[in-house]
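Worksheet for the structure shown next.
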Amino acid sequence: MSNYLIELSVIHITLMVGYWFFLRKERQYAKVRFYLINATLLALCIPLLKLPKLFYSEEPIAAVPMEAIPLDTMTITPTADMSIWNYDLLIWIYMVISAFFLFKFFYSVLYLIYLERKSSYEKCNELYIRKVPNIKGSFTFFHWIFLSDEIDIQQQDYAVILKHEKAHASLGHTYDILFFELFKVCFWWLPTAWFILKEIKKIHEYQADAYALKSYSVDQYSSVLISSTLKSNGLSLASSFHDGLILKRLTAMKQQAKNVSPWKLGTLLALCTLLFIVFACTEELEQEIKEMGSQSNTITFDQLPASMQKNLLEMKDELSFMKVDVPEDDNISNVEALQNLDPELIHTMDVDKPNRAIYIALKKDGANFDYLSDQSKMEGDVFTVVEEQPEFEGGMDAFYRYVANEMTYPLQARQMGVEGRVSVQFVVEKDGSLSDVKAIKGIGAGCDTEAVRVVQNAPSFRPGKQRGKPIRVRMVMPVTFKLNKGKTNEDNSTQGIIIAEDVELMNNKLKVEAIYTHDEWSGTVYDEEGKGLPGANIIVAGTTNGTVSDLDGNFKIQAHASKDLHISCVGYESVRLAGK
């Protein structure tokens, strides 16, 4: 959305600058009016057009199988989250101000309808005029011509005013004003939205004057305009004879209209074409820039870990690879190189904790995902990383401090000299609460029970999210119980210390129900709760054909009867369905 607004503003401002230099003083009002309307339409439409193949052709893009590799303690967070601006707040401010201008717009429309209802009709030369009390001057809305009841049909300037207002009605000026008023409602922050509304109203008055001058001389018409003491009503949606641009209108009347120079029209046409090319035909260039920017630490396939080479061997030519080193004093989730990656290009990742390195396989072309979606004919999305890991309020360091403060070394373990590591497993639920807390590896002597007790009583986490949707995440926290040799308490038990180590993710198990009929696999992928799991990758083994499960976990994919299906998803153990 933000890209659209930026492109629209650049295009509209550029086209208005072109108007200012080439058309502002021209007297071919129909052409000027045509340009203002169509310049705004172009600004609205060009950002919506994406034509990457307009000037070149490419070889067909082969689909690349998407295999998710669980990332134990890594979170990729968009850098936008660090901004002092709250994006949701900005949207609300935008909507509130737009709603205010929209209210004013509808109020003006309703007021004009109200005036029409309370007016009386008067016929003059086949025209029905609406005479309205308690207003001054005259104005036109669509084909409604309103006159103050103070303007008498016997007055000298009656026919002149009527001729002017009839021009507004017959030329459809109200449609222009409504269009630009709504444009201002939507893009009130754009200076040219206000400028163009003012300019189109000026052009309307020039056009109506030119129309009236076909029946009256310049001197006669000017005399009526100057002598009129009627003032406008401030009705922004109406066109009026009694406009504030009297001096400019008088000057325009005396100037002879000339055709717009061909070089000016040619320059403006070239400007429009250039904007079309720049903003509608550069999608592929943007994609290449993203890809180049994400490969600052490029490595070769042979430099990948052996396990990663094995998994990517069949598709290594379709991918590029990079290695990111994590500084000793930095958290993996805060690495700047990861913040700058385009998630659309990520294929798989592998975290080498001992060496504090991250190996990343990148798709050479973002169209690979589009191919997979087309194959599945579903509106799914490939999930390759958990976007937001569960997080303790105040950070994981605060959680470790909580554990260290709340946990005590059991007396029995100290007296028996028991020490070692207890692995406590727990699930962070979608609401952030902790469940299924248990010691999956313990040392006994009360240490297991104490570790489980403290974790069970821990405050809630912020839940993990995948593409903005809360998910259940199973985690394991190792807790080390260590005795201080040679130091004893009054009860002759050895003193000890407790160390809470980094929490790690645990993979859950997928459940799959699928059948094979008529050369096609179809089925549903479920999570550990038996609910449909969206975003699971379904790959035909030994091929580059794949799809993703939809929001309900359903999938369909064509495959040969002998081919197996490989199903995987972040945070889950992979499943293989054997072919027939």
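In what follows, residues are counted from 1 in the order of the sequence shown.
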Between F187 and L5, is a side chain to side chain contact (heavy atoms under 4.5 Å, CB included) present by the stated rule, with each step listed? CA-CA 9 Å; F187 309 106; L5 296 178; 3.7 Å; yes
Measure the [atom1]-[atom2] distance between [X] and [Y] for me, rounded to the nearest 0.5 Å.
X: Y409; Y: K482; atom1: OH; atom2: NZ; value: 9.0 Å
X: L42; Y: L275; atom1: CG; atom2: CG; value: 8.5 Å
X: C447; Y: R414; atom1: SG; atom2: CZ; value: 10.0 Å
X: L190; Y: L8; atom1: CG; atom2: CG; value: 6.5 Å
X: I46; Y: I277; atom1: CD1; atom2: CD1; value: 10.0 Å
X: D564; Y: I539; atom1: CG; atom2: CD1; value: 13.5 Å

Could you walk me through whether I557 and L565 pass the side chain to side chain contact (heavy atoms under 4.5 Å, CB included) check? CA-CA 10 Å; I557 187 169; L565 285 189; 4.2 Å; yes
How far apart are the closest heavy atoms of [X] and [Y], and which atoms are they?
X: R462; Y: G394; answer: NH1-N, 4.5 Å
X: V476; Y: S423; answer: CG1-CB, 4.0 Å
X: A361; Y: L319; answer: CB-CD1, 4.1 Å
X: Q456; Y: V437; answer: CG-CB, 3.6 Å
X: F105; Y: V185; answer: CB-CG2, 4.5 Å
X: M416; Y: A445; answer: SD-CB, 4.4 Å

Just by distance, do the side chain of [X] and the backbone of [Y] share a donor-acceptor pair under 3.5 Å?
X: D431; Y: S433; result: yes
X: S9; Y: I6; result: yes
X: D448; Y: I443; result: yes
X: Q425; Y: K438; result: no
X: Y4; Y: L44; result: yes

I want to check something: taking the side chain as every heavy atom from C-beta on, are [X] and [Y] in contact at a cut-off of under 4.5 Å?
X: F392; Y: S460; result: no
X: E393; Y: P459; result: no
X: M477; Y: V455; result: yes
X: R421; Y: K441; result: no
X: E450; Y: T408; result: yes
X: L313; Y: F301; result: yes
X: V10; Y: F279; result: yes
X: T40; Y: H12; result: yes

Between K556 and E520, is there a side-chain N and carboxylate O pair less than 4.0 Å apart? no
Any ion pair linking D436 and R474 (charged N to carboxylate O, less than 4.0 Å)? yes
For the aromatic rings, using the six-membered ring if either is Trp, is the centroid distance between [X] and [Y] under 6.0 Å?
X: Y94; Y: W188; result: yes
X: F399; Y: F461; result: yes
X: F101; Y: W189; result: no
X: Y359; Y: F321; result: no

Audit row: Y516, L577, side chain to side chain contact (heavy atoms under 4.5 Å, CB included) steps and yes/no: CA-CA 10 Å; Y516 183 86; L577 298 181; over 6 Å; no
For the pair M396 and E391, evaluate side chain to side chain contact (heavy atoms under 4.5 Å, CB included) and give the outcome as yes or no after the intermediate values. CA-CA 6 Å; M396 294 307 294; E391 185 76 12; 3.9 Å; yes
Polar side chain donor-acceptor pair, T524 to E513, under 3.5 angstrom: no
Check whether more than 12 heavy atoms from other residues, nucleotides or ligands sit under 6.0 Å from atom CD of Q309, and answer yes or no. yes
